[in-house]
Colleague: 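Quick one: structure below, then a few questions.
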Amino acid sequence: MIFPAIDLRAGQSVRLYQGDFKQATLINPDPVAQAQQINAAGLTHLHMVDLDGAKSGQPENYATIAAIRKAFKGTIELGGGIRTYELATCYLKLGIDRLIIGSVALTDPELVKRLLAEFGGERIVIGIDGTDDYVAIKGWLEQSQTKMSTLMKAMTASGARHFIVTDVARDGTMQGPNLGLYEELQAQVPTANLIASGGIRDLTDVQVLQASGFKDVIIGKALAQGGVTLAALAEVEA
């Protein structure tokens, strides 16, 4: 599946460079319209992140997320600051199809086990972001001492199936995806479904990833900069 990305900051759609909040580019002041454009192109999956929430741990863009959920016909996965059971269930009741759990997979694994047990591995997705094989947490503001593969194995044992893996050093850089990282992690955790995120430049990158077995791909900056179009992605999806 192809997941066009909408990253929310102060109610607007933006893109960050390597996760740096000081290097933000406005993509669309109306993310609801952006989501509708994705639908209109024939794409039915959307990846969304509350960037403000990733920093604060609170639902900072809730009204915008609710408006997008109402307008978008298809599957929405959402991440960014989902660190409590209450917020997780709130988003699920709103109609969000899949929740992306990031930092708390490392800092509060018992919560993630509870969510996986209650809602299942199709609705609870683990987001693993890192640099040099080590997990980054709290909106990429801190680097942990835990290896990405170690966290994946622990979460798989708890019932997780889907992992969004982002190389922070590649995200927003248009340098191409870190295929070597994905292949290494897949070899270590063969039962996991890895969703590729970060650095994708064009349709060729998408095709290389899919030919390598990574069928689920998240695309953000390449869409914003014209390296790939929604129409072209819809053709790949078909």
Side-chain angles (χ1 to χ4, degrees), residues 1-8 31-32 35 38-39 43-54 57-129 135 137 139 148 151-166 182 185-186 189-198 213-220 237:
M1 295 293 179
I2 304 293
F3 290 82
I6 294 180
D7 292 350
L8 298 170
V32 177
I38 291 167
N39 256 168
L43 293 160
T44 58
H45 290 72
L46 177 62
H47 172 87
M48 198 157 51
V49 177
D50 179 351
L51 292 173
D52 301 306
Q58 302 295 322
E60 303 288 354
N61 287 279
Y62 186 86
T64 304
I65 291 164
I68 290 172
R69 175 64 285 182
K70 190 174 181 180
F72 186 82
K73 293 175 175 57
T75 298
I76 296 179
E77 61 180 26
L78 172 70
I82 304 172
R83 297 171 195 162
T84 66
Y85 178 84
E86 291 72 23
L87 183 54
T89 54
C90 178
Y91 278 137
L92 290 171
K93 287 176 183 174
L94 182 65
I96 300 301
D97 300 282
R98 310 204 312 184
L99 299 184
I100 305 162
I101 307 298
S103 298
V104 292
L106 192 61
T107 61
D108 190 358
E110 291 305 313
L111 170 61
V112 185
K113 288 179 185 178
R114 180 185 178 188
L115 291 171
L116 283 165
E118 188 164 338
F119 301 109
E122 290 303 320
R123 300 203 74 186
I124 305 300
V125 179
I126 310 302
I128 298 184
D129 311 323
V135 178
I137 59 173
M148 299 169 90
L151 182 57
M152 280 185 66
K153 289 173 183 175
M155 287 293 104
T156 299
S158 297
R161 299 173 194 163
H162 302 286
F163 295 84
I164 296 172
V165 179
T166 305
Y182 298 137
L185 290 173
Q186 189 74 80
V189 193
T191 60
N193 175 44
L194 266 66
I195 301 164
S197 170
F214 304 105
K215 303 297 184 185
D216 294 343
V217 181
I218 295 167
I219 302 180
E237 186 88 315

Colleague: Under 3.5 Å, is there a donor-acceptor pair between the side chain of Asn61 and the main chain of Asp50?
Modeller: no
Colleague: Which pair of heavy atoms, one from Ala88 and one from Leu99, lies closest together, and at what distance?
Modeller: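 Minimum heavy-atom contact is O-CD1, 3.3 Å.
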Colleague: Looking at Gly80 and Val49, what are the two nearest heavy atoms and their distance?
Modeller: CA-CG1, 4.3 Å
Colleague: Quick one: pull up CG in Asp129 and OG in Ser103 and give me the separation to the nearest 0.5 Å.
Modeller: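 It is 8.0 Å, given to the nearest 0.5 Å.
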Colleague: Which heavy-atom pair separates Leu43 from Pro4 by the least distance, and what is that distance?
Modeller: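 It is CD1-CG, 3.9 Å.
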Colleague: Considering only heavy atoms from C-beta outward, does the side chain of Lys153 approach that of Val189 to under 4.5 Å?
Modeller: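 When only atoms from C-beta onward are counted, Val189 and Lys153 do touch, with a gap below 4.5 Å.
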Colleague: Here's a test for you: under side chain to side chain contact (heavy atoms under 4.5 Å, CB included), which of Ile164, Val104, Val112 qualifies with Ile126?
Modeller: Val112
Colleague: Might you point out which heavy atoms bring Leu92 and Asp97 nearest each other, and give the distance in Å?
Modeller: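 So the two residues come closest at CD2-O, 4.5 Å.
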Colleague: If I take atom CG from residue Leu78 and atom CD1 from residue Ile6, how far apart are they, to the nearest 0.5 angstrom?
Modeller: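 With rounding to 0.5 Å, CG (Leu78) is 11.0 Å from CD1 (Ile6).
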Colleague: Quick one: OH on Tyr85 to CG on Leu111, what's the gap to the nearest 0.5 Å?
Modeller: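 Reported value, rounded in 0.5 Å steps: 9.5 Å.
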Colleague: Roughly how far apart are Leu51 CG and Glu60 CD, rounded to 0.5 Å?
Modeller: 11.0 Å
Colleague: Go through the steps for Ile100 and Ile82 under the test side chain to side chain contact (heavy atoms under 4.5 Å, CB included), then give the verdict.
Modeller: CA-CA 8 Å; Ile100 305 162; Ile82 304 172; 5.8 Å; no
Colleague: At what distance, to the nearest 0.5 angstrom, does CE of Met148 lie from CG of Leu106?
Modeller: 11.5 Å
Colleague: Test Glu77 against every option in His45, His162, His47 by the side-chain hydrogen bond (donor to acceptor under 3.5 Å, both in side chains) rule and name the one that passes.
Modeller: His47
Colleague: Search all heavy atoms of Ile96 against all heavy atoms of Ile76 and return the closest pair with its distance.
Modeller: CG2-O, 3.6 Å
Colleague: Taking the side chain from Tyr91 and the backbone from Pro59, do they hold a donor-acceptor pair closer than 3.5 Å?
Modeller: no
Colleague: Is the backbone of Val125 close enough, under 3.5 Å, to the side chain of Arg98 for a donor and an acceptor to pair up by distance?
Modeller: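 Checking the backbone N and O of Val125 against the side chain of Arg98, no donor-acceptor pair under 3.5 Å is found.
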Colleague: Is a donor on one side and an acceptor on the other found under 3.5 Å between the side chain of Arg83 and the backbone of Ala54?
Modeller: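 Looks like yes, one N/O pair under 3.5 Å.
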Colleague: Applying side chain to side chain contact (heavy atoms under 4.5 Å, CB included), run through Ile68 and Leu46 and close with a yes or a no.
Modeller: CA-CA 10 Å; Ile68 290 172; Leu46 177 62; 3.8 Å; yes
Colleague: Do Gln186 side-chain atoms and Ala192 backbone N/O form a donor-acceptor pair below 3.5 Å?
Modeller: yes
Colleague: Begin from the C-alpha positions of Met1 and Lys215 and carry the test side chain to side chain contact (heavy atoms under 4.5 Å, CB included) through to its verdict.
Modeller: CA-CA 6 Å; Met1 295 293 179; Lys215 303 297 184 185; over 6 Å; no
Colleague: When rounded to the nearest 0.5 angstrom, what is the spacing between CG in Leu194 and CG in Leu185?
Modeller: 6.0 Å
Colleague: Tyr62 vs Leu94, test: side chain to side chain contact (heavy atoms under 4.5 Å, CB included). Steps then yes/no.
Modeller: CA-CA 10 Å; Tyr62 186 86; Leu94 182 65; 3.6 Å; yes
Colleague: Can you confirm whether Leu151 sits close enough to Phe163 that some side-chain heavy atom of one is under 4.5 Å from a side-chain heavy atom of the other?
Modeller: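 Side chain of Leu151 against side chain of Phe163, heavy atoms only: no contact under 4.5 Å found.
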Colleague: Give the minimum heavy-atom separation between Leu115 and Ile124, together with the two atoms involved.
Modeller: O-CG1, 3.7 Å
